[in-house]
Amino acid sequence: MIPRPQLFSDLSASSVLTSGVTVSGDLVDPVRTALAGLDPLPGDSGEIDVRRDPALGEEAYRLTTGSRGVEIVAGGPAGAFYAAQSLRQLLPPASFRFSAGASWPIPGVRIEDAPRFAWRGLHLDVARHFFPKREILRLIDLMALHKLNRLHLHLVDDQGWRVESPAYPLLHEVSSHRPRTATNFHREPESYDDLPHGGYYTLDDLAEMGAYARSRHVTIVPEIDVPGHASAILAAYPAFGVTGEPYDVLDRWGISPAILSPLPPTVEFLTTIFDEIIGALGETPFVHIGGDEVVLDHWAESAEIGAYRDSLGLESVNDLQAWFLRRLADALAERGARAVVWDEAFVSGRLRQDTVVMPWRGMGVGRRAAAAGHDVVATPVFPLYFDYAESSSPDEPMAIGDATTVEDVAAFEPAPEDWTEEERARVLGVQAQLWTERVPDARTVDYRLWPRACALAEVAWSGTASPGFDGRLTEHLARLDALGVEYRPAAGPHPWQRRRPHRPGRVPVTEVMARIDAMTYDAESTRPSL
């Protein structure tokens, strides 16, 4: 079973579950959602009985299977849902395929379980390459199976804007597509595919995705990355820039100097966007506002922005960036959402105390953020950037660098033992990132995420990978096969998964970590890839 429960005991008796099984009790709906493949029916009494126990945590549960059927005791709807997901994993892998009228044996077990971390996340960059709604819904289902509960959608970057905006329609009409995409390897001469690429989610799509996720106890965390990474926004509305010059949606990778103005009209523009996204998604407890890799040159060169900075009593453009992000966080707080930022924003300072920090440049800056009283979600490049290849081999499909293995992910500690108790308590959880510069399609998403995301799920739920993880993962892959997940095999990629070959050693992840960790001590380290 992945993730491994806290307590798992074998019992002697067993039973059988059949399609059309009856579910009764206090929390029927989340169990029926989790077991949709069995076509469960509600009833006054049945093979699966669900009871609520307020003494348990919201996500905690007890599951007992045996000759009397299935008994679930849960602290709330999420706990009942996760109990049913554990029940699914007690069934044979063939049960993950659609089969009308099938019946499946269930071994007798007793499980007592609750998660170690509240934030168990996956990040998907839909800005560099767009993935339509059907892929997001499928990913939510796969997350739910693994008890992952935060889907961070990176909705805007230099290479594309991915949300309909009735107030600013040029965003989805102009900024959502580009005429071509870079195909060159890292630090090699530019080359392009000359194929148009694009797409965006309508507000109705967002509403559906939000509701679908909530029904599976997944929270969507939208990201509008500002003030940098702004080429796509400025291609539609150059007036929100500094110079007024025209921009194109970027067709290459890396960082551009495009930056939004920090003046009041930009804040008004972004708060309108927040209102549209939150209004569509529904309950949105977290909104990511980026703050990373910002090139501040245009701000420094602008007399108007300099005068505005002086009027605020700020000494530098870095202080102005911090003020700008603080203003957006205040606007989100007024709308019932907490701001989330990448670690550059913490280094710049002035954050609201309730702002969540994602230390992508390493756990050193994460510890400093936790010591400063900020909640932290562990997101370091190593081992949680899944756009890095899983081995240093040309057989891997093209990746930014290498190597991050399943074993590396399984060995990760989101709340290291050498942190103080207070610092460890600030770790909300852990999240893997899939940036998609070199992930052009859904099949490659599968390859990059799985089975590394299985190891992530184990760490996020249990705090560490439990003994026997390798063996349990081998068995678990049969479930992924049944679900049609095109994961990376342990022996290496299938021939059809190799695509454009990886060039090993160009960007070793260990060297990257040493460089970017050193940069976290400089408040002006805003452009590590320019």
Side-chain angles (χ1 to χ4, degrees), residues 2 122-125 128-129 131 135 138-139 142 146 181-193 195 197 252-254 380-412 432-459 465 469-514 529:
I2 291 177
L122 278 181
H123 156 288
L124 181 63
D125 169 18
R128 272 53 176 269
H129 279 99
F131 299 93
E135 301 301 338
R138 176 177 179 268
L139 180 56
L142 289 172
H146 294 85
T181 298
T183 59
N184 54 287
F185 289 88
H186 186 66
R187 295 174 183 166
E188 291 195 358
E190 292 181 2
S191 61
Y192 297 89
D193 60 11
L195 297 173
H197 180 82
R252 61 170 178 80
W253 311 131
V381 169
F382 181 79
L384 298 180
Y385 269 35
F386 287 0
D387 49 328
Y388 279 74
E390 293 189 54
S391 72
S392 299
S393 166
D395 286 343
E396 294 291 335
M398 185 180 185
I400 187 173
D402 56 78
T404 296
T405 67
V406 171
E407 293 76 18
D408 292 327
V409 179
F412 180 63
Q433 283 57 242
L434 183 58
W435 302 100
T436 62
E437 289 94 334
R438 294 160 182 85
V439 182
D441 53 48
R443 300 182 78 179
T444 310
V445 169
D446 269 10
Y447 183 91
R448 290 282 185 232
L449 284 181
W450 311 100
R452 288 187 290 192
C454 300
L456 172 79
E458 177 99 352
V459 169
F469 172 75
D470 291 344
R472 286 184 287 111
L473 179 60
T474 299
E475 295 182 10
H476 185 70
L477 294 180
R479 301 181 186 116
L480 299 187
D481 286 329
L483 291 168
V485 178
E486 296 190 87
Y487 58 85
R488 180 191 186 274
H494 294 300
W496 58 87
Q497 292 176 316
R498 291 172 184 170
R499 312 294 177 85
R500 298 191 68 206
H502 178 51
R503 295 195 178 170
R506 292 296 181 94
V507 184
V509 70
T510 50
E511 293 181 11
V512 170
M513 290 306 301
S529 304

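Position 1 is the first residue of the sequence; numbering continues from there.
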- Using the test ring pair (Phe, Tyr, Trp, His ring centres under 6.0 Å), find all partners of H494 that sit at least two apart in sequence or belong to another chain. W496
- For H146, which residues count as a ring pair (Phe, Tyr, Trp, His ring centres under 6.0 Å) partner, sequence neighbours excluded? W450, H476
To check you understand the geometry: which heavy-atom pair defines the closest contact between [X] and [Y], and what is its length?
X: P394; Y: P504; value: N-CG, 3.6 Å
X: A432; Y: L456; value: CB-CD2, 3.8 Å
X: H129; Y: H197; value: CA-NE2, 3.4 Å
X: F412; Y: P383; value: CD1-CD, 3.6 Å
X: H123; Y: W435; value: NE2-CH2, 3.3 Å
X: A465; Y: A410; value: CB-O, 3.3 Å

- Task: Would you check, one step at a time, whether the test side-chain contact (heavy atoms from CB on, under 4.5 Å) holds for T444 with R499?
- Result: CA-CA 9 Å; T444 310; R499 312 294 177 85; 3.2 Å; yes
- Item | Verdict with supporting geometry, H502 and M398, side-chain contact (heavy atoms from CB on, under 4.5 Å) | CA-CA 4 Å; H502 178 51; M398 185 180 185; 5.6 Å; no
Under the 3.5 angstrom rule, does the side chain of [X] hit a backbone N or O of [Y] as a donor-acceptor pair?
X: T183; Y: S191; result: yes
X: T404; Y: F382; result: no
X: D125; Y: T436; result: yes
X: D193; Y: T181; result: yes

[X] side chain near [Y] side chain, heavy-atom distance below 4.5 Å:
X: C454; Y: L480; answer: yes
X: R500; Y: F185; answer: yes
X: E190; Y: R252; answer: yes

Test of understanding: with side chain to side chain contact (heavy atoms under 4.5 Å, CB included), list the residues that count as partners of [X], not counting sequence neighbours.
X: P493; answer: D395, E396, Y447, R488, Q497, R498
X: I400; answer: D387, Y388, R438
X: E135; answer: F131, P132, R138, A442

- Note on the structure: Residues pairing under salt bridge (charged side-chain N to carboxylate O under 4.0 Å, His left out) where one sits in residues 398-412, two or more places apart or in two chains, turn out to be none
- Passes side-chain contact (heavy atoms from CB on, under 4.5 Å), L434 versus Y385? Steps please. CA-CA 6 Å; L434 183 58; Y385 269 35; over 6 Å; no
- Message: Any donor-acceptor pair under 3.5 Å linking the side-chain atoms of Y487 with those of D481?
- Response: yes
- Step by step, would you call L473 with L477 a side-chain contact (heavy atoms from CB on, under 4.5 Å)? CA-CA 6 Å; L473 179 60; L477 294 180; 4.2 Å; yes
- Is it true that R448 and E390 have a side-chain N and a carboxylate O under 4.0 angstrom from each other? no
- Query: Do W253 and H186 have ring centres separated by under 6.0 Å?
  - Reply: no
- One should read off an interatomic distance between L449 CG and L142 CG, to the nearest 0.5 angstrom, of 9.0 Å
